[in-house]
J.: 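Take a look at the following structure, please.
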Amino acid sequence: MENHPYAPAEIEPYWQAEWQKKEAFKVPNDIEILKTKPKFYVLGMFPYTSGAGLHMGHAKNYVPTDVLANFRRMQGYHVMHPMGWDAFGLPTERYAVRENEHPAHVTKRNTETFQQQIQRIGLSYDWSRKIDTSLPEYYRWTQWIFLRLYENGLAYLADVPVNWCPALGTVLSNEEVKDGKYVETEDPVERRLMHQWMLKITAYAERLLEDLDLLDWPEGLKEMQRHWIGKSEGADITFKIRDSKEVFTVFTTRPDTLFGATYCVLAPEHPLVSEITHPDAAAAVNAYVKAAVNKSDLQRTDLATEKTGVFTGAYAIHPCNDAPIPIWVADYVLMTYGTGAIMAVPGHDERDHEFASTFGIPIVEVIKGGEKPIEEAPFEGDGVCVNSGFLNGLQVAEAKEKMIAWLESEGKGARQVQYRLRDWLFSRQRYWGEPFPLAHLEDGTIVQLPDEVLPVELPPIDAYKPTEDGKPPLARADAEWLKVTLPDGSVATRETNIMPQWAGSCWYYLRFLDAHNTEAPFDTALERYWMPVDLYMGGAEHAVLHLLYARFWHKVLYDAKLVSTQEPFQGLLNQGTILAESYQDAAGKYYYPHEVEQNDGKAVAKTSRVPLQTQMEKMSKSRFNVINPNDVIDNYGADALRLYLLFIGPVTASTPWQDAGVEGVYRFLQRVWRLVIDEDSGELSEKLTDAAGTTDPELWRELHKTVKQVTEDTESIDKMNTAISQMMIFVNTATQAKSLSKETLKIFLHLLSPYAPHIAQELWHRLGETGFIAQAQWPTHDASVLTSATVTIIAQVNGKLRNRLQLPAEATDKEIEEAALADERVQRFIEGKPIRKVIVVPNRLINIVV
RNA sequence: GGUCGAGUGGUGGAAUCGGUAGACACAACGGACUUAAAAUCCGUCGCCCGUAAAAAGGUGUGAGGGUUCAAGUCCCUCCUCGACCA
C-alpha cells in the first residue's frame, strides 16, 4: 500500500499560501532597486469579470505567460506580471438589473470569485498591483487621460447614425449587432441619428499603420490591423451638376478609369440628395432614402444582395468631356466612407457593373485586358487604357498619375489618401461605465472639469435605464450631482453619457506599473523602466479593436510626453482556442455530454434516442461543452492542469481537450514524485545519493540535454510542449537508473518549477532546501557534456536509408565514405554499379548515388 | 467573393538551414505482479508483403505534377478545413 502518494490537493494550497504570505512574486516599486537588474514585462489580457467565472480560455492564456514569468525571474530579471479586472460593462449591468442589485456589488462578488479561481492555478502574480477598472481610484485616471485627449481636440460631439436598441435603451457597437439584432439577447436593433462623443482615431491612422513595422507581432495580426485601417490612395474628383451651382466630390482609387464613369451615386444620407432631386423623382427618392436608413452597412454593401437605387433626375457634368452623366441614389454607397458619393465605372468595378446591368446604364470599356466582353463581366485587373482621350495607351499605374496631375492642373481634383478606419464612437447611454469629466453651460458650451475634482464618481440612481425623454440613465441622478459649480463660479450641467467598455482597458498596462499612485496615473521613472510590454498575450478576438484603441491612446500619451515609447506592446501572441466535442440534434439543439451516449460509435441522446451530430468546436457555454479549470484542479491538481494545457500543442495552436490527456501528465507528475519520495514510507527514496551528478554520465548527459532544450523551448514560448516532452524523457531515464544523484535531481527541479511550481517546490523542500525554488538561479547547460566521441551517420543509397553507422565524431568525409562503402548492407544496394556521386553532410549522413 | 493560415498513425502532436518521418503522450493490445480489480512495471503499436517468430523488402506526411543526390519542408495546379475581411 502506498501511504504517501503524490497529493496535489495537500501541497498546492500550502505553497500558494506560503508564496502569498512571503510575497514571493512582489516586484519592488523603488526605481533604484529596479535598476540593478534587467526587466521583463509579461502580460496576459485581463479578464472581463462576468458572473460566469474563469473558463479554460483564460487558463490557456495565463498559464503560458506565467511559465515565461517564472522562467525570466529565475534568469535574473525583474518581472512585471500583474493581474486585474476589466469590470465596467453591459453584461454586469444587465445582470445587476435582473437581480435588482447594484452593479458595484455584483462586480465585487465576481472579481473575488475570479481571484480565488485564478489563485488556485498557482500563478505567480504580484497581487499588490491588482487593479479594477470600475473603482474610482482607477477610473479617476481614465477620466484624466480622456481630458488630455479632449484638450488636444481628439474628442468631439457629432450626430452619427448609431445602432440603437430600444429594448435595452442603449447604443451598441457594430460588433455587438448581427443581422439587425443584439448578439446576446436577440433584441432588435435600429439605426438612429444621435448626438454622440467621438474620438478622432483617424488623426492617427497613418502612424497606427506605419508603426506596425516597429512591432514583433505575428505578421498575420499586423495584416489584420492594416486591413482594418484600410489605407487607399487615389484622388478626390469634383463633379459639377447641370443646371445647378452645387458641386459634389467623389473619392476614387481608380482615377485612371474616369472616362469610363457612366453614372454617379450619392449615399441616401448625402445632404445634396434633397437639393438636386428633380421634382418628378422626389417621391420615389424620399421613399428610398427613408427605407435605406434602417439598413446596416453590411446589409447595404454585401456583394450577394440585389443592388437597389433610384434616379434623381439630375445630371453631373463629366470633368473631362462635359458629357452629362445621371446621378442616382443607392444604398451601396455609404455616407461614412469617403465623401458619401462615388463616380461609378461599371466596366471596371464589380458592384457598379451589377448596378448598371440591373438598371440598364451603359457600360464602357476603358481598360483593355478582360477575358469576357465588358458587358458580361467587369475587368478589375491591370491593362492598357482605351476610350480614354489623353490616357489612351497608358498602363493603369501611369494613367493614374497622369489623370491626377491633369485634375490638379485643371483644379478639378487632387491626390487623396483615404482610410477605411472611422472615428471611434465613444459614448454609451448606460450606467456601468466611466462618467465623462465634462459639463455643459446653459449656452451650450462644453467645459472640462479641472483635474483636481477627479474622479467624477458614478451617482446613485433609482433605475438603470434611459429617462422617459430619452436621456441617458445618469440623467436620473439628483440635482446635487447633475449641477456642478465651476471654478469661476458658474453653474453647469454634467455630461450624462458614459464611456464604452474599451476605455478602461486602453491604458491598464500602465497603471500596473504604479498601481497605487494618488498623484498621477503612474510615475514617469517607473514607466521608463518597464515599458514597453515585452510580451502581451490574449485571444484573437482582440486582434483588431482593443489593440488598435490601446495603441491609439498610447500614441496620444506619447505625444503629450507622458510615456516614453511609441508603442505599448512590443511582443504579442494570440493563444489558440480550446476545442471540445459538442453534440447537436437535427434541429440544432445542443446536448450536454452527460445527456449523450455512444451507440455503435454514433452519438444519441440518452432520453429521446435521437441521433446527434458530434463536432469539435470552441468551448463555450452556449455549446454545452465547457470544462471548468477548477474541476480539473479538483481531480488532478493545478500542476497537472498547467502541464496539460501546455503539452497538448503549441501555445498559439487551437487544440481539442481530451480528458485522457490530463491523466497522462498526471502520471508524469507521479513519476517525478516517486523519483524523490518512497511512497511506502513517505521518506526520501533510497535510490537517492549524495554522489556528484557526473557519477552517472549517461543521466548527467540527458540532464544537460534537457537543460538546453527546456531553456530554448521556453524562451521561444510556442514550443513549451516539446520542453515538457524532453522533461518526460529525462524522468523516464531517471526512473530506470539504479541510483540517483540529488545534485542531478535538484537541477531538474529547477527546469520543472516554472511549469509545475507546486510539486517542484515541495520536492525541493523535501530535499532539504530552504526558501523558494522559484527564486533560485536558472541552470545553464555544459556544452562539453553534450559532445560525444561517436556520432550516428545515416548511410543512404540513392536517397534511401540503408544503414546507420557509428563513427568517431572527428571522422573526415573520406573516412565516412570508406566506412559506408565497406558496409555490407550498403554494398548490397550498390551491387557493383558505378558510383556517380557521393554527398556527405557533416555529422549527419552520407548519400551514395549509383 | 477576397486575404491569411493549416492538412502528418486510431487520437493530440514531434521533426533545426531541404538530410533517420511519427519524438513525447493518449487510446488499444499482450505480458508480469495480484485471490481479484485498480495502480505500477515490461513489451508491441502507420500500411503492405513476408515469417513459427524474426530479418530483409516495398510503400507512406490531403490529391496530382515539378525542382533536387535528397522534399512533411521549396515551386505550380487542385481539394478540404479554419480565421479575418467583404
Side-chain angles (χ1 to χ4, degrees), chain A residues 1-2 5-6 218-230 296-305 332 334 337 350-351 354 380 420 539-545 574 576-579 581 601 615-618 643-650 652-668 670-671 674 679-680 706 709 712-713 716 719-733 735-736 791-805 824-825 828-829 835-850:
Chain A
M1 264 298 278
E2 295 122 15
Y6 168 51
E219 202 44 48
L221 207 113
K222 289 189 190 178
E223 207 44 54
M224 276 164 66
Q225 292 235 335
R226 283 190 196 110
H227 202 228
W228 190 264
I229 295 166
S296 74
D297 290 359
L298 188 61
Q299 279 173 309
R300 286 169 54 169
T301 54
D302 193 341
L303 285 170
T305 56
Y332 77 98
L334 301 175
Y337 182 74
E350 198 178 339
R351 279 175 217 175
E354 202 186 321
E380 296 183 326
R420 202 185 76 97
E541 65 273 21
H542 297 298
V544 175
L545 294 181
N574 291 131
T577 49
I578 303 255
L579 314 169
E581 278 193 342
Q615 58 220 333
M616 270 297 169
E617 289 189 283
K618 184 176 174 176
L643 277 186
Y644 177 65
L645 283 171
L646 297 166
F647 185 61
I648 41 173
T652 55
S654 294
T655 38
W657 180 272
Q658 291 175 319
D659 285 325
V662 188
E663 301 260 8
V665 294
Y666 184 61
R667 281 204 279 266
F668 163 69
Q670 290 175 309
R671 283 203 298 279
R674 285 195 296 265
E679 288 186 315
D680 293 330
T706 307
Q709 189 171 337
E712 289 170 0
D713 289 355
S716 80
K719 285 188 159 193
M720 290 182 179
N721 54 334
T722 49
I724 295 171
S725 295
Q726 183 56 42
M727 287 193 272
M728 286 173 168
I729 293 170
F730 172 81
V731 169
N732 291 345
T733 314
T735 301
Q736 281 165 3
V791 288
T792 306
I793 300 287
I794 302 305
Q796 294 181 334
V797 178
N798 285 347
K800 288 210 167 86
L801 172 72
R802 294 308 174 188
N803 209 351
R804 298 175 169 83
L805 309 173
E824 186 205 335
R825 285 210 219 159
R828 212 187 306 162
F829 287 89
I835 293 165
R836 288 193 10 230
K837 203 168 179 182
V838 174
I839 288 133
V840 177
V841 182
N843 289 329
R844 203 170 281 265
L845 64 72
I846 173 164
N847 189 14
I848 299 162
V849 186
V850 296

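Computed over heavy atoms, backbone and side chain alike; hydrogens, waters and symmetry mates excluded. In what follows, every chain begins at residue 1, and chains take the letters A, B, ... in the order their sequences are listed.
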J.: Check every strand shown and say whether A/Thr792 touches a base, only sugar-phosphate, or nothing at a heavy-atom separation below 4.0 Å.
T.: nothing
J.: Taking the minimum atom-to-atom distance to the side chain of A/Gln736, which one of B/G13, B/A15, B/C42 wins?
T.: B/C42
J.: Determine whether A/Ile794 and A/Arg804 make a side-chain contact, defined as any pair of heavy atoms from C-beta on separated by less than 4.5 Å.
T.: yes
J.: For A/Met720 and A/Leu646, work out which heavy atoms get closest and say how close.
T.: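 Reported closest heavy-atom pair: SD-CD2, 3.7 Å.
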J.: Which residue, A/Asn847 or A/Glu663, contacts RNA chain B at a nucleotide closer to its 5' end, judged by nearest heavy atom?
T.: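 Residue closer to the 5' terminus by nearest nucleotide: A/Glu663.
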J.: Output the rounded distance in Å from CG (A/Asn574) to C1' (B/C84).
T.: 11 Å
J.: Examine B/C17: is either OP1 or OP2 under 4.0 Å from a nitrogen or oxygen in the side chain of A/Arg844? Give yes or no.
T.: no
J.: Can you tell me how far P of B/G13 sits from CE of A/Met728, to the nearest Å?
T.: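 After rounding, the gap between these two atoms is 15 Å.
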J.: Using whole Å, report how far CG of A/Leu801 lies from P of B/G58.
T.: 10 Å
J.: To the nearest Å, how far apart are A/Ile848 CD1 and B/U20 P?
T.: 16 Å
J.: Check this one for me: any side-chain N or O of A/Arg674 less than 4.0 Å away from OP1 or OP2 of B/C41?
T.: yes
J.: Quickly work out the A/Asn803 CG to B/U20 P distance and round it to whole Å.
T.: 15 Å
J.: Taking the minimum atom-to-atom distance to the side chain of A/Val849, which one of B/A27, B/G19, B/C69 wins?
T.: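 My answer, after comparing the listed nucleotides, is B/C69.
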J.: In whole Å, I'd like the distance from the CG atom of A/Asp713 to the P atom of B/A23.
T.: 17 Å
J.: Taking 4.0 Å as the cut-off, does a side-chain nitrogen or oxygen of A/Lys719 come that near to OP1 or OP2 on B/A15?
T.: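 Yes.
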J.: Closer to the 5' end of RNA chain B via nearest nucleotide, is it A/Lys837 or A/Leu845?
T.: A/Leu845
J.: Please give, in whole Å, the distance from B/G19 P to A/Asn798 CG?
T.: 19 Å
